[in-house]
2 protein chains.
Amino acid sequence: MFYNSLLNLAEMKKVNLKDVAQHVGVSTALVSYVLNGQAVEKQVNKETAERIVIAAKELNYLPNQIAKSLKMRKTHTIGLVVADINYRFSTGITRAIESEAKKKNYTVIYGSSNENEEKFAELIDVFVNRRVDGLILVPVENSQDQIRKLQKTDVPFVLVDRIFPEMETNCIALDNHKASYTSTSYLIARGHKKIAMVNYKTTLFHLLERNRGYRDALNEQGIKEEWLYEINTESRSGDMEKALSDIISQQDSFDAIFFATDTLALDGLKLLNNKEIKVPEGISVFSFDESEAFELFYTPITHSKQPLEEMGKLAFNTLIELINQNKVNKLICLQADLIVGQSCREILV
Amino acid sequence: MFYNSLLNLAEMKKVNLKDVAQHVGVSTALVSYVLNGQAVEKQVNKETAERIVIAAKELNYLPNQIAKSLKMRKTHTIGLVVADINYRFSTGITRAIESEAKKKNYTVIYGSSNENEEKFAELIDVFVNRRVDGLILVPVENSQDQIRKLQKTDVPFVLVDRIFPEMETNCIALDNHKASYTSTSYLIARGHKKIAMVNYKTTLFHLLERNRGYRDALNEQGIKEEWLYEINTESRSGDMEKALSDIISQQDSFDAIFFATDTLALDGLKLLNNKEIKVPEGISVFSFDESEAFELFYTPITHSKQPLEEMGKLAFNTLIELINQNKVNKLICLQADLIVGQSCREILV
DNA sequence: ATAATCACTTTAAACGATTAAAGCAAATAT
DNA sequence: ATATTTGCTTTAATCGTTTAAAGTGATTAT
């Protein structure tokens with residue numbers, strides 16, 4: 001084989017700086033300068049520079065990012081941990097983050113914690129070992145210690161969606177209280193009085209905020225009672241069954257169900273289908289976020305919609321600021337949109 | 001600050017091999033041997049080994065994977081390119097691949113081509129530059145040249161779902177012809193005679209195979225005509241509208257619609273909802289794969305189901321074989337499951 | 001008494017880039 | 001005639017690992 005032949009070399013294993021340098025007959029330093037746009041600054045002879053550029057192209061030279069990362073102490077990689085890749089929320093922000101990252105020449109390495117504390121911790125460890133430049137995290141329940149551990153590190157990170165209010169972290173989240181308040185108010189405005197709230201039994205702040213928004217709206221608008229049904233993740237379908245049975249048994253007194261997440265709404269709507277309760281005639285339904293699944297439901301579901309694109313974009317760009325300047329302190333609160341479907345009837349007084 | 005204090009050092013920036021070595025008072029080589037389980041092989045003094053292990057733990061030493069990768073010429077990272085993260089297919093195999101990868105201590109870097117040829121090429125370039133050990137690809141239409149380029153490289157890869165039959169590649173795919181044949185036969189067996197097939201207008205082999213399966217089933221079972229409607233991705237909703245209008249206008253003569261993908265089925269079912277055609281009373285519906293969206297449709301959709309978990313697992317493990325041994329040649333064909341719902345009525349003859 | 005073996009441990013060269021600092025002719029200044 | 005500057009290029013250290021190869025005392029063999 002003619003290892004020296006241009007063609008063969010280009011097709012051979014990997015071409016490195018040294019190969020290019022030897023081919024042109026200069027040192028690796030010169031090649032590095034030229035290929036990194038420092039030709040003028042370092043006063044490289046124009047003709048030499050050209051020869052280097054041409055040779056690099058001909059040899060199909062691609063810099064070894066690993067070596068570069070080691071030397072520069074920058075990997076141009078960020079880690080993303082979502083709660084569950086099957087959530088629409090996850091694919092939404094993942095998409096946004098990935099496309100934003102690509103624009104800025106960053107690579108995303110990704111993992112799904114599946115709402116599992118240990119897996120969450122493991123993923124962070126793996127990413128930190130890989131020397132990611134930063135992390136975007138959707139933390140799981142009870143991961144405060146993990147986050148605190150991370151804070152002692154010099155790895156910048158931003159939380160998305162879920163906040164720990166007792167900690168100072170950079171965070172992009174929805175104003176869940178307000179979104180929930182607005183939603184509940186919308187139901188009240190349409191004449192609903194007895195509104196059930198179905199939420200997970202959780203300590204996650206963002207979900208508790210949805211309860212608080214619901215409660216505050218009721219109270220401030222003269223409804224002194226509240227009807228909160230809590231679903232345990234471990235006994236999910238059973239709990240939902242119980243909650244809906246309870247709501248339905250008092251069917252003529254309950255006006256609406258407010259589901260605190262799209263996953264809950266999906267479960268709930270399936271059950272309502274089974275029980276042959278019509279929406280909104282039998283009962284009004286309001287959801288937080290929407291699942292793709294809603295598209296085939298006979299009634300468009302009125303819901304509160306999170307700006308996923310924007311969240312992802314903001315998360316990424318905040319992280320980049322952190323990476324570049326080190327000191328930013330941000331708690332960005334976004335507003336939800338109220339998407340009016342036909343799942344909430346108008347009750348005349 | 002007491003840089004020498006254990007506690008502070010552990011909380012400081014990054015601890016490296018040298019730090020551990022100095023702390024114990026030995027060379028980095030010894031530390032490396034011990035921490036990589038070569039203590040016995042390299043005849044390291046037991047007591048020394050212990051001291052090294054303890055020091056590493058105390059200092060919270062984590063090996064720098066970048067340096068390791070550079071030296072070992074192995075990144076323990078694989079690249080995954082899916083066609084669109086919003087497809088259920090994508091999240092399905094992504095999940096499987098990721099969990100399999102984690103078991104074997106691999107990290108996945110991931111990207112979505114959004115069915116775009118250029119983005120597909122870009123992603124591969126980025127991943128190859130990052131020196132991934134291998135690639136799992138769901139190729140986009142017309143990406144043959146990209147694949148051929150990749151073959152000239154020493155980067156091992158496996159294709160998933162979509163094959164280019166004219167090329168020799170390692171590939172995990174469904175037996176689409178058979179799945180489609182079986183599905184069509186099922187419809188025929190239930191007394192359907194005039195069955196419309198709705199598919200994308202495409203050159204993608206796996207989708208064409210679905211057409212062929214449909215056609216062969218019809219022909220071999222005495223139905224000499226075929227009714228193929230092709231949807232152009234660019235004029236998607238218009239084309240679907242046209243196709244369905246055409247099918248419906250002859251409603252009493254068409255018995256069933258066979259959608260070649262879940263995305264097409266979703267679009268189609270939405271339109272049928274709008275047009276207030278009932279499934280299966282008005283027309284039978286069969287889908288290839290299912291979308292989460294089907295869960296809220298009033299009728300469980302009968303469909304052909306791909307074993308996503310298995311596909312992902314096989315893809316990953318095949319890739320690992322390739323990475324380790326270099327020469328494997330596999331075209332693994334999986335079989336679909338027929339999931340019987342209630343969307344295909346029984347037509348009595 | 002000297003050589004060989006043993007049981008450890010260290011040295012130092014990679015991996016492929018970046019980049020201060022030094023080197024070296026030729027041109028210009030003193 | 002010598003010193004300085006200019007214009008360009010090379011040298012060599014560095015990032016944090018891995019791992020042949022060499023080193024080193026103590027023990028055993030000849």
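A, B, ... follow the sequence lines: proteins, then strands. Residue 1 opens every chain. Keep in mind that what you see is a predicted model, and the values were worked out from it rather than measured.
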Notebook entry, point to check: Is the number of heavy atoms from other residues, nucleotides or ligands within 6.0 Å of CD (A:Glu118) greater than 12?
Noted result: no
Next item on the list: Report yes if some heavy atom in the side chain of A:Val108 is under 4.5 Å from a heavy atom in the side chain of A:Phe316; otherwise report no.
Entry: no
Next item on the list: Please tell me if the side chains of A:Asn114 and B:Arg95 come closer than 4.5 Å, counting only heavy atoms from C-beta onward.
Entry: yes
d([atom1], [X]; [atom2], [N]) in whole Å:
X	N	atom1	atom2	answer
B:Lys74	D:dG16	NZ	C1'	20 Å
B:Gln38	D:dT19	CD	P	6 Å
B:Arg131	C:dC15	CZ	C1'	11 Å
A:Asn36	C:dA20	CG	P	12 Å
B:Leu35	D:dT17	CG	P	10 Å
A:Ile66	C:dA17	CD1	C1'	12 Å
B:Gln65	D:dG16	CD	P	14 Å
A:Lys18	D:dT11	NZ	P	12 Å

Sub-3.5 Å pairs of nitrogen or oxygen atoms, protein against nucleotides 7-14 of chain C:
unit_1, atom_1, unit_2, atom_2, d
C:dT9, OP1, B:Thr48, OG1, 3.2
C:dT9, OP2, B:Asn45, N, 3.3
C:dT10, OP2, B:Ser27, N, 2.8
C:dT10, OP2, B:Ser27, OG, 3.2
C:dA14, N3, B:Lys71, NZ, 2.8

Next item on the list: Check for a donor-acceptor pair, side chain of A:Lys68 on one end and backbone N or O of A:Pro63 on the other, with a separation under 3.5 Å.
Entry: no
Is it true that [X] and [Y] have a side-chain N and a carboxylate O under 4.0 angstrom from each other?
X	Y	result
A:Lys102	B:Glu122	yes
A:Glu115	A:Arg162	yes
A:Asp19	A:Lys14	no

Closer than 4.0 Å, any side-chain N/O of [X] to the OP1 or OP2 of [N]?
X	N	result
A:Ser32	C:dA17	no
B:Lys14	D:dG16	no
B:Asn64	D:dG16	no

